[in-house]
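Computation of the quantities below employed the complete heavy-atom set of this structure, encompassing side-chain atoms and omitting hydrogens, waters and symmetry-equivalent molecules.
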Amino acid sequence: MKVCHACRKELSLGGKVGRKDECPHCHADLACCLNCKFHDRSAPKQCREPIAELVREKDKANYCDHFLFKETAATDVPVKDGETSSRKALDDLFKK
């Protein structure tokens with residue numbers, strides 16, 4: 001399942017995502033680092049693709065040739081507003 005990085009809503013995309021494509025729900029750019037399967041905050045340049053150029057604005061559309069929209073399992077979609085389930089579980093665990 002493909003999910004928008006901004007609104008966390010499921011997307012039904014027919015083919016390849018173009019540079020100017022936007023989320024139909026929140027109008028965020030879709031061809032951006034935050035939606036890419038190679039995006040990794042802990043990697044150099046925050047990208048697991050070693051020859052990719054540095055992209056400063058990860059939430060904006062760019063011209064990266066390595067972009068592939070990441071697939072997300074339905075259970076991996078974090079809750080945007082409110083606490084995430086893992087944060088709630090930790091709070092419940094350490095509650096007095």
> Determine, stepwise, if the pair Phe69 / Lys37 fulfils side chain to side chain contact (heavy atoms under 4.5 Å, CB included).
CA-CA 6 Å; Phe69 209 102; Lys37 81 175 216 170; over 6 Å; no
> Taking side-chain contact (heavy atoms from CB on, under 4.5 Å) as the test, write out the residues that go with Glu49, two or more places apart.
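Only Phe38, Cys47, Ile51, Ala52, His66 meet the side-chain contact (heavy atoms from CB on, under 4.5 Å) criterion with Glu49.
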> Any side-chain to backbone donor/acceptor pair from Glu10 onto Val3? Under 3.5 Å, distance only.
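Checking the backbone N and O of Val3 against the side chain of Glu10, no donor-acceptor pair under 3.5 Å is found.
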> Roughly how far apart are Glu53 CD and Tyr63 OH, rounded to 0.5 Å?
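One gets 13.5 Å once the value is rounded to the nearest 0.5 Å.
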> Is it the case that over 12 heavy atoms from other parts of the model lie below 6.0 angstrom from the NZ atom of Lys45?
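Yes.
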> Give me the atom names and distance for the closest heavy-atom approach of Arg41 to Gln46.
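Here Arg41 and Gln46 meet closest at O-CG, 3.8 Å.
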> Only distances under 3.5 Å count here; give the side-chain donor-acceptor pairs of residues 28-35 to other protein atoms, sequence neighbours excluded, each with its distance to 0.1 Å.
from	atom 1	to	atom 2	distance (Å)
Asp29	OD2	Ala61	N	3.0
Asn35	OD1	His5	N	3.0
Asn35	ND2	Leu30	O	3.1

> Which heavy-atom pair separates Leu11 from Pro24 by the least distance, and what is that distance?
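Closest approach of Leu11 to Pro24, heavy atoms only: CD2-CD, 3.7 Å.
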> More than 12 heavy atoms of other residues, nucleotides or ligands under 6.0 Å from NZ of Lys2: is that the case?
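Above 12, so yes.
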> Over all heavy atoms of both residues, which pair between Cys7 and His25 is shortest? Give the atoms and the distance, please.
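Minimum heavy-atom separation between Cys7 and His25: SG-CB, 4.0 Å.
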